[in-house]
Amino acid sequence: MQFTKRTNTCGELELADSGKRVSLNGWVSQVRDLGGVIFVNLRDRYGVTQLTIPSENKQVYDIAKSLGLEYVISATGIVQKRSSANPNMKTGEVEVLAEIIEILNVSETTPFVVEEEVKASEELRWKYRYLDLRRKKIADNLVLRSKVYQIVHRYFERENFVEIETPILMKSTPEGARDYLVPSRVHKGKFYALPQSPQTYKQILMVSGMDKYVQICKCFRDEDLRADRQPEFTQIDLEMSFVEEKDVFKVVEGVICDIWKEAAGIELNTPFKIMSYDEAMQAFGSDKPDLRVKGEMKIVNITDTVKNTEFKVFNDAISQKGIVAGIKLTAQEVSRKIIDSLTDYVKTLKFGGLGYIKYNADGSSASPMLKFLNDEIQSGIKKDFDANPGDVVFILSGEKKKVLSALGNLRLKLAEMFNLIDETKYEFVWINNFPIFGFEESDNSFYAEHHAFTMPNTEDMAKLDNGYKNPKENIEDLLSIRATCYDLVCNGNEFGSGSIRIHRSDIQQKVFSVLDLTKDQQEEKFGFLLDAFKFGAPPHGGFALGFDRIIAILCGTKDIRETIAFPKTTSAVGLMDSCPSIVEEKQLKELGISINS
RNA sequence: GGAGCCGUAGUUCAGCUGGUUAGAACGCUUGACUGUCACUCAAGAGGUCGCGAGUUCGAAUCUCGUCGGUUCCGCCA
């Protein structure tokens with residue numbers, strides 16, 4: 001099919017182009033028919049340009065009259081200055097006086113109107129994603145994504161990294177997230193797994209001597225989703241030999257700085273802050289603290305202050321080794337309604353209620369729980385929080401982890417409610433010194449917090465040496481061992497995580513011993529990796545950055561679906577192509593699979 | 001796996017404590033209009049109130065179930 005190809009895009013014509021004869025190709029985004037003259041807004045991914053069609057040119061005028069929204073057309077004409085410019089449009093000073101309009105394709109009435117401030121529900125937008133992507137805002141997200149891709153590649157090329165593709169079809173491992181499985185036709189009853197991350201491959205590449213590996217790769221995890229979690233997502237995955245933690249920090253900070261500088265025009269300060277896991281949990285109730293909150297709003301532990309109280313709620317918590325802690329909201333008017341909604345919120349987290357004390361302007365204080373607290377304790381609390389008239393403190397009691405994390409969430413809720421987040425900032429922070437082990441009370445066993453190959457901190461090695469032979473008798477000690485394991489956090493989002501790995505089998509065996517893995521289990525779970533490690537594994541460590549989240553932040557959204565061309569719903573369904581779907585009986589037969597229920 | 005919110009015209013929503021023919025805006029169709037840019041104006045078409053039970057003389061409205069979307073908890077080494 002022949003048509004007049006564009007000489008320009010719809011986003012670039014300006015006054016200086018006046019008098020030029022141009023051709024534009026694009027989609028009809030708006031038609032304004034005034035009777036004697038028709039204005040058409042023509043859209044492509046670069047912008048919008050106004051076409052003007054006066055009635056004098058009968059042939060073009062009749063074509064213009066027949067145009068519907070989202071028709072694809074080619075328009076040719078002379079660029080001219082508008083008699084009244086539109087300051088809201090980038091090309092608003094000019095218009096194209098159309099001499100020829102070719103309709104390249106018609107469009108049915110779309111399920112929703114393609115406009116920047118789209119009214120359609122997300123469900124509809126995912127289903128007709130190609131229409132959604134015609135909106136500049138979403139298209140720009142993909143363009144930015146592409147740009148960051150190139151920045152990342154350039155950075156790692158310059159830093160002498162080797163980009164190596166690792167398999168998509170790999171061995172299933174029972175550790176970590178649930179695998180997406182791919183049945184084998186050749187080996188009936190056997191399955192490949194899609195990678196949750198290329199973790200084992202990149203470590204083996206270190207054994208290979210590929211001392212700087214990087215890959216922008218897809219990862220797959222069959223777990224329940226959130227606004228910032230998709231079943232398939234993209235990572236900037238890297239691994240290096242002969243490095244320690246600070247070397248990894250430096251490389252990651254380098255690529256982040258390049259991205260911010262080149263994609264957003266922002267110079268970030270390095271090195272980034274470093275905060276231990278313990279500090280983050282104690283002060284912010286989260287391992288991904290948002291440091292943009294004005295006045296910080298740190299959590300205050302008042303367990304000591306209230307330890308002698310008769311107040312049953314606090315008493316019960318403390319006697320069960322729990323804590324009493326709170327946060328202070330500085331100088332804000334807090335209504336009954338807000339307290340009710342916060343109370344409802346903590347109830348969903350299985351707290352009985354939310355304690356609060358309002359410090360009034362006249363020096364008095366108001367709270368349903370004051371009557372249970374004597375004067376000494378009341379003034380102790382006031383002192384702990386450094387509370388002044390106008391402030392409100394919120395208090396929770398119970399199991400330590402639960403209290404801290406709930407207060408961490410309250411902190412974010414309050415910050416949002418009272419506009420305490422500085423949206424112009426990017427607050428990066430490394431969180432390190434995570435615990436290496438966790439302990440599951442229900443089955444009386446240790447598990448690896450990060451993964452089984454995370455190197456313990458050098459200072460804590462003695463605790464491992466002492467404890468590994470009789471783990472159950474050294475629970476406290478073993479749980480206090482810190483790992484050389486770190487997360488990068490930006491504005492309360494986990495951007496990625498990594499660790500220095502264990503490369504020596506003596507240390508590895510001690511860790512396995514704590515995790516209660518027999519030789520057979522080790523062999524079954526990680527055999528090939530352990531085999532590789534027998535032949536001279538260098539010290540190594542790495543990191544994986546969540547690419548989608550980085551793009552989301554740069555796009556000013558928390559929803560990574562806005563940065564992915566074809567995202568899935570929270571139930572992992574692709575609404576556009578209706579996947580997953582049933583397959584033909586014949587396919588199942590070839591795979592030796594039968595479906596129950 | 002658990003909890004909350006949502007589901008009414010093509011779209012976004014309104015529809016009070018159950019009660020004649022379920023409304024508005026945008027979009028769509030037709031017509032008028034020569035400088036609009038959310039053009040304006042006039043007329044019109046358009047509904048399985050997500051689906052299924054139940055309560056009731058009567059259900060968009062109340063109850064239960066179910067499906068879908070979304071948020072949170074669990075989960076995500």
Side-chain angles (χ1 to χ4, degrees), chain A residues 29-42 48-56 61 65 68-70 80-89 91-92 95 97 107-128 131 173-179 196-197 199-200 219-231 233 341 344-351 402 405-406 409 412-413 434-438 446-454 483 485 494 497-499 515 525-526 544 546 558-559 561 568-571 573 575 578:
Chain A
S29 78
Q30 207 182 57
V31 180
R32 296 180 296 281
D33 181 352
L34 273 64
V37 59
I38 297 174
F39 298 103
V40 173
N41 281 0
L42 193 64
V48 177
T49 298
Q50 173 169 293
L51 309 175
T52 302
I53 304 102
S55 54
E56 286 76 36
Y61 185 77
K65 241 182 152 39
L69 296 187
E70 304 309 322
Q80 62 182 28
K81 185 178 190 236
R82 289 204 208 178
S83 54
S84 59
N86 181 350
N88 302 319
M89 249 171 117
T91 62
E95 63 191 357
L97 185 62
S107 169
E108 289 183 16
T109 302
T110 50
F112 60 88
V113 181
V114 178
E115 53 195 341
E116 282 309 307
E117 296 306 317
V118 74
K119 294 186 188 75
S121 66
E122 289 180 329
E123 194 173 353
L124 211 59
R125 289 176 49 210
W126 306 145
K127 182 163 182 194
Y128 300 95
L131 295 178
T173 49
E175 299 290 294
R178 204 173 287 118
D179 283 323
Q196 298 170 25
S197 85
Q199 186 62 37
T200 48
C219 303
F220 308 83
R221 293 179 190 172
D222 187 4
E223 294 292 346
D224 288 347
L225 306 174
R226 295 282 192 280
D228 63 349
R229 268 194 245 156
Q230 282 276 295
F233 57 98
S341 89
D344 286 348
Y345 172 69
V346 299
K347 280 182 176 166
T348 69
L349 303 179
K350 307 219 168 67
F351 283 92
K402 248 179 74 181
S405 113
N409 286 330
L412 294 178
K413 270 191 183 296
F434 282 78
I436 193 165
F437 300 117
F446 286 91
Y447 60 92
E449 279 279 357
H450 186 60
H451 59 57
F453 305 100
T454 307
C485 174
E494 186 193 318
S497 64
S499 62
L515 297 176
K525 287 186 176 188
F526 316 110
K558 281 221 155 194
D559 191 344
R561 286 168 294 207
K568 293 189 170 53
T569 68
T570 46
S571 61
V573 166
L575 285 178
S578 303

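Lettering of chains follows the sequences in order, A, B, ..., and the numbering in each one begins at 1.
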Legend entry - Sugar-phosphate, base or nothing in reach of A/Thr173, heavy atoms under 4.0 Å: nothing

Legend entry - P spacing across the pair B/U61 / B/G15, given as an integer number of angstrom: 14 Å

Taking only nitrogen or oxygen atoms into account, show me every contact under 3.5 Å that the protein makes with nucleotides 68-72 of chain B, one pair per line with its distance.
unit_1 : atom_1 : unit_2   : atom_2 : d
B/G68  : O2'    : A/Glu123 : OE2    : 2.9
B/G69  : OP1    : A/Thr569 : OG1    : 2.9
B/G69  : OP1    : A/Ser571 : OG     : 3.0
B/G69  : OP2    : A/Ser571 : OG     : 2.9
B/U70  : OP1    : A/Arg561 : NH1    : 3.1
B/U70  : OP2    : A/Thr570 : N      : 2.6
B/U70  : OP2    : A/Thr570 : OG1    : 2.3
B/U71  : OP1    : A/Arg561 : NH2    : 2.5

Legend entry - P spacing across the pair B/C16 / B/G50, given as an integer number of angstrom: 14 Å

Inset, instruction - Looking at every strand, decide which applies to A/Glu449 at a 4.0 Å heavy-atom threshold: base, sugar-phosphate, or nothing. - result: sugar-phosphate

Legend entry - C1' atoms of B/A59 and B/U17, separation to the nearest Å: 14 Å

Legend entry - Sequence-distant partners of A/Asp559, salt bridge (Lys or Arg N to Asp or Glu O under 4.0 Å), two or more places apart: A/Arg561

Inset, instruction - Identify, with sequence neighbours excluded, every residue that meets salt bridge (Lys or Arg N to Asp or Glu O under 4.0 Å) alongside A/Lys413. - result: none

Legend entry - A/Lys568: partners by salt bridge (Lys or Arg N to Asp or Glu O under 4.0 Å), with sequence neighbours left out: A/Glu232

Inset, instruction - Would you classify A/Ala483 as touching base, sugar-phosphate or nothing, given that sugar-phosphate means primed atoms plus P, OP1 and OP2, and contacts are heavy atoms under 4.0 Å? - result: nothing

Legend entry - Whole angstrom value for the distance that separates P of B/C76 from CG of A/Asp224: 11 Å

Legend entry - B/G47 and B/U71, which share atom name C1', separated by this distance in whole Å: 30 Å

Inset, instruction - Going 5' to 3' through nucleotides 26-36 of chain B, assign each nucleotide B (protein heavy atom under 4.0 Å from a base atom), S (under 4.0 Å only from sugar-phosphate atoms) or - (no protein heavy atom that close). - result: -SS----BBBB

Inset, instruction - State whether the side chain of A/Arg221 and the backbone N or O of A/Ala177 hold a donor-acceptor pair below 3.5 Å, judged by distance alone. - result: no

Legend entry - Between B/A14 and B/G1 - C1' atom distance, rounded Å: 36 Å

Inset, instruction - Go ahead and name the base partner of B/U63; Watson-Crick or wobble counts if both distances stay under 3.5 Å, otherwise write none. - result: B/A53

Inset, instruction - Could you check which nucleotide pairs with B/C16 in any of the strands shown, counting Watson-Crick or G-U wobble with both distances under 3.5 Å? - result: none

Legend entry - Non-neighbouring partners of A/Phe112 that pass ring-ring contact (aromatic ring centres under 6.0 Å, His included), sequence neighbours left out: none

Legend entry - Mate of B/G44 where both pairing distances stay under 3.5 Å, Watson-Crick or G-U: B/C28

Legend entry - Residues that A/Asp179 engages under salt bridge (Lys or Arg N to Asp or Glu O under 4.0 Å), provided they are two or more places apart: none

Legend entry - B/C49 versus B/A22 - spacing of their C1' atoms, nearest Å: 8 Å

Inset, instruction - Assess whether ring pair (Phe, Tyr, Trp, His ring centres under 6.0 Å) is satisfied between A/Phe526 and A/Phe453, documenting all intermediate values. - result: CA-CA 10 Å; A/Phe526 316 110; A/Phe453 305 100; 4.9 Å; yes

Inset, instruction - Using the C1' atoms only, state how far B/C26 lies from B/U20, rounded to an integer number of Å. - result: 29 Å

Inset, instruction - Please measure how far the C1' atom in B/A43 lies from the corresponding atom in B/G7, and state the result in whole Å. - result: 33 Å

Legend entry - Watson-Crick or G-U wobble partner of B/C5, both distances under 3.5 Å: B/G69

Inset, instruction - Would you check, one step at a time, whether the test side-chain hydrogen bond (donor to acceptor under 3.5 Å, both in side chains) holds for A/Gln80 with A/Arg82? - result: CA-CA 6 Å; A/Gln80 62 182 28; A/Arg82 289 204 208 178; over 6 Å; no

Legend entry - For A/Arg226, all residues meeting side-chain contact (heavy atoms from CB on, under 4.5 Å), sequence neighbours excluded: A/Asp228, A/Arg229

Legend entry - By side-chain contact (heavy atoms from CB on, under 4.5 Å) - contacts of A/Glu494 (at least two apart): A/Lys288, A/Asp487, A/Ser497, A/Arg549

Inset, instruction - Please evaluate the base of B/C76 for a donor-acceptor partner in the side chain of A/Arg221 within a cut-off of under 3.5 Å? - result: no

